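See below for the structure under consideration.
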Amino acid sequence: MSDQPGASPVIEIDHLTKFYGTREIVTDMSLTVPRGSIYGFLGRNGMGKTTTIRIFLGFEDPTRGSARVFGLDSRSFPPEARARIGYLPEGHHVYGWMTVKECGQFQASHFPAWNQDIFETVLTHFRLTPKMKAGHLSRGQRAGLCLALTLAPEPELLVLDDPALGLDPVARRSLLQSMLYVTRKADRTIFFSSHLLSDVERVADRIAVLDGGVLQADCTVETFRQQIRHFVLKFREAPPPVPDFPGLLESFRTDRELALTLVNLTPEIKNRLDALGPVSIEPVDLTLEDAFISYVGERGEKTFFMNGKETK
Amino acid sequence: MKAMLWKELQENFKWAVLAMIGLGLAEFYGLTERSNYYDDESATLYKSSFLMSTSFGCAAVGLILGLIQILPEQRRDQWAALLHRPVTRATIFRGKAFAGILLYLVATVPPFLTCIWYTTTPGHFSSPFVPQMVYPGVADICAGAMYYFAALFVGLRRGAWYGTRAFGFLAAVVVSFFVDSEYYSLFRVPVEAAVLMALVLFTAGWGAILTNGTLRDQPWLGRFALVTVIFYGVCGLGAITIIVISMFSIQNYYYGTQYQVDVDGRPLKFISSKNAGTTVMDLSGNIIHDKRFTTGGSYNYLLCFNQVSTYIGDPHQLKDERNGFSRGYRTNQTYVIIADGSYDNEAERWYYLPQERQFVGYYYKTNQRIGAIGQNGFRPGYEPAAPFAGYVPSIYGQIQSIVEFGSTVYHNDFDQRKLTPILSEPGTDVFGATPLRSYQDQTLSLNWGAVALLDKMLIIDKIGSIIATLPYHQNMDRWGNLSVAVKPGKDHFFIQYEPSQWIDYKEQRTMPSYYEEMDAKGTLLNTYTLPPIEEPSGSRSWQEYIAECLLPPAFLFGDIGYEKVGALCGSERLAKELDQTFGDGWGYFKDISIRSSVTSFLLALLTIAWTRRMHFSWKRAWAWAAFVLAFNLAGLITFRLVSDWPVRVKCPQCSRKRPVEENLCPHCGASWPTPVSHGTEIFDLREAAPEAKFAG
């Protein structure tokens, strides 16, 4: 699904900063999520993804800056706005003493636009029956129940915080399929955080990457993959030392090769690579996962064992 | 809210049932446990073990139910899932609170009703039941509800446990002291206090759920409730701290000083202290070296003063409050007084019911009611008896073997099922009557009694014949607390005049007492003035001194304002208290006012300095300073606990600490630096990097 030009943004985060005590969790973050998009929110653990979600949903106050959803300030979210947002927190919490049916009834009593058909469809998808005790469900089934509870009110905005955490591949696939169901209508928006890049690649059309509390990327999946490039430079002898390139994410050397991962490659840098005097420069395609790991992983030159001795 | 109510009831009903069973067992055990104290055993719903189970039990049930309702759901995902519903947070709170209070009532009311049923069913106890006996239990249930709301507040308030959260619990503890006190005569006062604090805690909990932990975003009612709760919590912590410190700081403990008269008729002053033992001196201050008074059994050489009245006349409308000891709503003697004569018959127990003004008797073994004795004589079983005319001014919570109603003195004879009138003084009230004992060893009864009238005291024998008439020679309005002693020869009598009970205790301590020695004809033989017992040197403890310094001026001057308004509205009592404050009590009031005001003023200055240092606006700084000025140190601590305390970090520009919430540094005016760009950022809006094609 692609952006609709001119569509009003669903989520607007403006210079958001969040401190817990004296620890800065999110720094000066600005992000706009357009209506109808499927937004993957990526980052390593503890980088501020959940905090950001909690802030724009109004569960935390920003230290500075602001967050708006549907044009409404997150600090004073009216109940009517919440009815338009489906939120699936990462714990997949259900009340264990309720049956699946009671869970649905309890949720339905709060949401005026409750769609029982959707609820039952998702339950069927996850092989859940109404009489099952929520406390006895497997992790995947619990996730399915939570998703059913989240999707049945037919939210305009679906916010999922690491929804596939701890699920097996089949449950994950079911979750994704159900999740995509919500976007059968063009004006529905999904904003989800995940560590499973293959899932993100499958469904997201835009991603935002948070690293160290700072927004490092906000682009389409395709752009992200294109901007992160991996080259293998082959040499006749030992590769020369790697100069300090701007945009160099990581380098990896063997006795005759130098593998470099770069971001935002420019002609100038390309010339500098040529100047290293390699026999050849081979571009290697990266998956989103490879690109992401290079992007948010440890930067700099890696070590390697060669001929029985440790060499840089 | 209906759905929330249903969910909460379903989720926590099992805990309420469990609490009901636990509390029921504790209360029933407390009610039926055998006591070594006769008066406690007959107290049923006033029994100390039962009241312990209701006061601690209800508080514990309230606290546990509240915490169980909130804490397990407080894990942040779960809490977010709960809050993310198209209803207001206030609705969620109301749903939880109403369900919780219903469950609390389920847990506490049935056990209490069961205990009432057990007590009122004949055959279970050899003591009477009067409806007012449910008061302490009802008060404890109300206080437990307060703990329930305290738990909601503690669970919902964001902050450290040792910080603001725990103070919600402490605020409830403060009111519990009030509820559990035996000094408050009116049942409704502590109940109102508990209900009021429960409402304040409810409001504070509501305010806590509405915001994400800040004070400034709360509605004014929530702010007011939060500040009130924390303030009371701080006061409670202060009181507990002073009590604990006092327990460890008792040094040269002062036992007391008292006046006595020896069997030879000499007034003596006994001074006892931990280190020096007992020193005996005459009224001139000469030390008496008499081994009789320093060895065991010294009381056999001292006359026994029998208290006859606590005041004479009725100028202060305290007729039914002569003895404050027996008027506390939590004191059994307020409603059921053990009749002294019933000791003579081990098989029976007799009680006086002050509200019904009659005596009722029970068989001790079968727990069956014998009957009642009233103005119209004995009535067996549950037949109603007519109340006696007038009140009985009970002393020490026990009915003596002679007892007075109105203008008549009776002798009790429960074996014969009757009260025999032995003295009648038509046209005047009897202000007290008591059997007399000669020495301090109270087993030696004289078979005489003393009767206090308006202008004289009569010494009578068992059948009411007057043995001596002792006229008063002091101002009886102010020295109407009378005791009498009989010398061993039974021909001389000593009346001790002490300040009347209605006089403020502090004033009483400044007033002298008197001994008058008379013969049986009432001839005054000697008068001795007993100076007020001076406080031992250094007796003004540092705890008292500190407490006075830290007293909130708002309370001090608020009290004066209340008295003033009350006096203007025509309250005689408040007008008198106001006169007292600006009359005899002026020196004391002035001292406290100065200490309290100076301390508050200094702390208010400190508050201004502190708030400005923490970059509070001038408006907020002045507001908090005014609060501290009114509420002293407790106000300062409250301010620190409830205000939105700014987090400060080093400014990258000037290296001084600046609040993280402000966009500009208050010192150098710099804004926050934007995150450093490393050239690795990927944003769609940027110019796309040209595609480089490399040869493979």
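Chain identifiers are assigned alphabetically (A, B, ...) following the order of the sequence lines, protein sequences preceding nucleic acid strands; residue numbering begins at 1 within each chain. Fair warning: this is a prediction, and the values are worked out from it, not measured in the lab. What you see below is based on every heavy atom in this structure, not just the backbone, and it leaves out hydrogens, waters and symmetry mates.
For B:Arg89, the part lying near chain A is the side chain, with the backbone staying farther off; criterion is any non-hydrogen pair under 4.5 Å. Interface residue B:Thr214: only side-chain heavy atoms are found under 4.5 Å from chain A. Interface remark: A:Leu262 contributes no atoms to any contact with chain B (heavy atom separation under 4.5 Å). The contact between B:Val649 and chain A is made entirely by side chain atoms (from C-beta outward), counting heavy-atom distances below 4.5 Å. For A:Phe19, the part lying under 4.5 angstrom from a heavy atom of chain B is the side chain only. Neither the backbone nor the side chain of B:Trp79 comes within contact range of chain A; no heavy atoms are under 4.5 Å apart. Using a 4.5 Å cut-off between heavy atoms, A:Arg84 does not touch chain B at all.
Closest approach of B:Phe683 to A:Leu215, counting heavy atoms only: CZ-O, 3.6 Å. The two residues A:Val214 and B:Pro675 have their closest heavy-atom pair at CG1-CB, 3.8 Å. Taking all atoms of both residues into account, the shortest heavy-atom contact from A:Gly247 to B:Thr680 is CA-CG2, 4.0 Å. Here the closest non-hydrogen pair linking A:Gly21 and B:Val647 is O-CG1, 2.9 Å.
Of the inter-residue distances, the one linking B:Leu82 atom CG with A:Phe59 atom CZ reads 9.5 Å to the nearest 0.5 angstrom.
Ring geometry, A:Phe106 versus B:Trp6: the interplanar angle falls from 30° to 60°, so the pair is classed tilted.
In terms of heavy-atom pairs under 4.5 Å with chain B, the best-connected choice from A:Arg54, A:Glu80, A:Glu60 is A:Arg54. Listed options A:Val263, A:Asp161, A:Val209, A:Leu57 were ranked by heavy-atom pairs under 4.5 angstrom with chain B; first place goes to A:Val263. Of the listed residues (A:Thr50, A:Thr63, A:Thr17), the one with the most heavy-atom contacts under 4.5 Å to chain B is A:Thr63. Options A:His15, A:Glu90, A:Arg75, A:Arg82 differ in how many heavy-atom pairs under 4.5 Å they form with chain B, and the most are formed by A:Arg82. For the options B:Glu661, B:Met4, B:His84, heavy-atom pairs under 4.5 Å to chain A are most numerous at B:His84.
In this structure, A:Gln216 and B:Ile682 have side chains that are not in contact, with every pair of non-hydrogen atoms separated by 4.5 Å or more. You'll find the side chain of B:Arg85 reaches within 4.5 Å of the side chain of A:Gln107, heavy atoms only. You'll find the side chain of A:Glu102 stays beyond 4.5 Å of the side chain of B:Lys7, heavy atoms only. Residues A:Phe111 and B:Pro86 meet the side-chain proximity criterion, which asks for heavy atoms closer than 4.5 Å. At least one side-chain heavy atom of A:Asp61 sits under 4.5 Å from a side-chain heavy atom of B:Asp217.
Side-chain contact annotation: A:Tyr95 with B:Glu73, donor-acceptor N/O pair under 3.5 Å present. One side chain, A:Trp97 or B:Glu11, offers a donor N or O that lies under 3.5 Å from an acceptor on the other.
Remark: side-chain polar atoms of A:Arg64 are paired, donor with acceptor, to backbone N or O of B:Val660 under 3.5 angstrom.
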Check your understanding: Could you walk me through whether A:Asp28 and B:Trp672 pass the side-chain contact (heavy atoms from CB on, under 4.5 Å) check?
Key -> CA-CA 9 Å; A:Asp28 199 29; B:Trp672 294 96; over 6 Å; no
Point to revise | From CA spacing to verdict: side-chain contact (heavy atoms from CB on, under 4.5 Å), B:Asp77, A:His93 | key: CA-CA 7 Å; B:Asp77 288 338; A:His93 167 71; 5.6 Å; no
